[in-house]
Amino acid sequence: MSSENGTTPTNFIRNIIIKDLESGKHDRIITRFPPEPNGHLHIGHAKSICLNFGVAAEFGGRTNLRFDDTNPLKENEDFMRAIMDDVRWLGFEWDELLHASDYFHQLYDYALHLIKTGKAYVEELTAEEIRAHRGTLTEPGRESPYRDRPVEENLDLFERMKAGEFADGTLALRARIDMTSPNMNMRDPVVYRIRNASHHRTGDEWHIYPMYDWAHGISDAIEGITHSLCTLEFEDHRPLYDWFLDNIPTPCHPRQIEFARGNLDYTVMSKRRLRELVEEGLVNGWDDPRMPTLAGLRRRGFTPEAIRAFWTEMGVSKADSIIPMGVLENAVRNDLNVRAPRTMAVLDPLKVILTNYPEGETEWLEAPVHPQNEAMGTRKVALTHEIWIERGDFMEEPPRKFFRMRPGGEVRLRNAFIVQCNEVIKDEKGEVTELHCTFDPDTRSGMPGASRKVKGTIHWVSAEHGQPAEIRLCDRLFTVPNPLGEKDHDYREFLNPHSLDVIQHAIVEPQVANGEAGDFYQFERTGYFCHDNVDSKPGRPVLNRIVTLRDSWARIEKEMAQNQS
RNA sequence: UGGGACGUCGCCAAGUCGGUUAAGGCACGGGGUUUUGAUCCCCGCAUUCGCAGGUUCGAAUCCUGCCGUCCCAGCCA
């Protein structure tokens, strides 16, 4: 059941929704994606976005983007804008743009209701005292001395909290539930705290701000959300989510369903860690192409299509998982393979002189833009007396199974003809600086000898027409699969010092040098690349390697090296 | 040592109110095509569902016990 044959892979949440639709519990579904605007979205959020928007779209439902902005100390408008950009970039459009702060008045009124029915009280204990009263995982908590405060007094105090009469942390509103519950969340959770802080949307109107548990379920109910999808760590909150909605007169009672986060290896995904990497200058911002943020992946050149396909393929379950980065990379290859225009680029140039090709002459060869898709047309490739080839494509004393250029050997220049290497020129240190080759005119594309077989085909670029380019090769950010999983070590210790390798003088075909931010290509035989969306300028190209091509030769090389040692 | 959840092929993951030979993708191995050692195309890849018992004509699916992993003691979300 792959998406390729037209069916969507199923999962337990989808099954619940199908059942609710069939039973008539809901006529149409409404989901929501509820980020807190306190950081940038990452690939893990994309899973939630794909799930929420995807399942609603599949069944003709709606999806809201709702900012969970209940903590003014951590949130701001810049993050909100970045999140909206990322969601749209991923390919989704929300039905309504909403904020928990839109409901602050309703949230307050519901709190009044809770107080009036004797189910909430104003706490005077300090945060530390509350903690001490809460008990432990194995011991029940103790009730606060303020727990039985009369309703009128609670109302009075709560109104004065709202009016800003008290300092931060002095009072709090607590739900009156059960201090002996084995579920810590039910031990009289705090519902409102005092924060004499300005909120990015409501300004100085409020001095009290609702906690997540209070705001979230009520916001869901106000919006008529049918299925409130969240991650596994909120499982313990569901009894509280339900208790709140059962004890106040909301228009409906959404169902919270939890699923497992999607983790990737060799990276970190929590907002806190990503923020640290950015703030400590360990990476170059939230959109550093090595980051697992959507902004980073976008800059790196990952496509939204690939990310969506990746999460569709991975499915949704409740089992904890760590997905190999290679799986994501493969999704990108699959997408780009079909769409990326082909071009030749030499990353580590070695000069080759075609001794029997006239000096000063340029011939423009016709080459397909995509070998499997004629509709993508052709491009012109300049051929001249001097060309560049990849240094790694020549070996003076090659091992067995090396199909590329060697002294006396023949190899095909892609899109051109077969050449033979006659002479190896070296400098005083013995380093190869130049190769002299002759070409076989009968083997050029279109000629009778073109079908002659040689083992290897290598890419090349005209020395006269090729343009210089900066190329950034990104590797995994960390050197271990789970940087946070090593006891006694800070995850920063595992940062990969070689995660960014900059090649200053690669050579690309002229049309690539004039590409624009976001344009992507397959550099034949080396990988997929795209123009960096901040640093690349026409005439001064900077390209990021999105991902390499699958490389079975690299595997063979590695095996040979291992067998020798 | 309280509570909540999870454990199906190397990695994801269908299937779980019992019923023929346990989907699919990725990875991997083998073969073919190929002017990218890419792509593409074939073929192979869990007698077994964390472990041990039990119920049953029949269990990954039900019961019991055990083991392992994750989450919870913010006036964060």
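First the proteins, then the strands, lettered A, B, ... as listed; each starts at 1.
Residues passing the side-chain contact (heavy atoms from CB on, under 4.5 Å) test with D102(A), sequence neighbours excluded: L98(A), H99(A), R201(A). For P292(A), the side-chain contact (heavy atoms from CB on, under 4.5 Å) partners at least two apart in sequence or on another chain are I43(A), T267(A), M269(A), L274(A). For H207(A), there are no ring-ring contact (aromatic ring centres under 6.0 Å, His included) partners two or more places apart in sequence or in a different chain. With sequence neighbours excluded, the residues forming a ring-ring contact (aromatic ring centres under 6.0 Å, His included) with F417(A) are F439(A), listed by chain and number. The side-chain contact (heavy atoms from CB on, under 4.5 Å) check on P72(A) picks up A197(A), H199(A), Y209(A), with sequence neighbours excluded. In this structure T136(A) satisfies the side-chain contact (heavy atoms from CB on, under 4.5 Å) test together with T138(A), E139(A), sequence neighbours excluded. H133(A) meets the ring-ring contact (aromatic ring centres under 6.0 Å, His included) test with no other residue; sequence neighbours excluded.
Within the structure, salt bridge (Lys or Arg N to Asp or Glu O under 4.0 Å) contacts touching residues 324-335 of chain A (residues at least two apart or in different chains) are D335(A)-R339(A). Sorted by first and then second residue, the side-chain hydrogen bond (donor to acceptor under 3.5 Å, both in side chains) pairs involving residues 157-169 of chain A (not counting sequence neighbours) are D156(A)-R160(A), R160(A)-E165(A), D168(A)-N196(A).
The base of A77(B) sits within donor-acceptor range of the side chain of H237(A), with an N or O pair under 3.5 Å. Side chain R404(A) to base G37(B): a donor-acceptor pair is found below 3.5 Å. In this model, a side-chain donor or acceptor of Q372(A) finds a partner on the base of A38(B) within 3.5 Å.
At a non-hydrogen distance threshold of 4.0 Å, M184(A), V190(A) from residues 184-191 of chain A come into contact with RNA chain B. RNA chain B is contacted by D68(A), T70(A), N71(A), K74(A) of residues 65-74 of chain A, taking any non-hydrogen atom closer than 4.0 Å.
Taking atom C1' on both G7(B) and C43(B), the two are 32 Å apart, rounded to the nearest angstrom. Separating the C1' atom of A14(B) from that of A60(B) is a span of 12 Å, rounded to the nearest Å.
Between F310(A) and F302(A), the distance separating the two ring centers is not shorter than 6.0 angstrom.
Between I322(A) atom CD1 and C70(B) atom P there is a gap of 10 Å when expressed in whole angstrom units.
Evaluation of W553(A) against the base of G37(B) yields a stacking contact (centre distance < 5.5 Å, interplanar angle < 30°).
Toward the 5' end of RNA chain B, the nearer of the two residues A450(A) and S317(A), judged by each one's closest nucleotide, is S317(A).
Counting any heavy atom pair closer than 4.0 Å across all strands shown, S445(A) reaches a base atom.
Consecutive Watson-Crick or G-U pairs involving RNA chain B, each under 3.5 Å on both distances, make up stems of three or more pairs at B:2-7 with B:67-72, B:10-12 with B:24-26, B:28-32 with B:40-44, B:50-54 with B:62-66.
Closest approach to the L137(A) side chain among A14(B), C72(B), U36(B) is made by C72(B) (side chain taken as heavy atoms from C-beta onward).
Salt bridge annotation for K271(A)-E36(A): absent, with no cationic side-chain nitrogen under 4.0 angstrom from a carboxylate oxygen.
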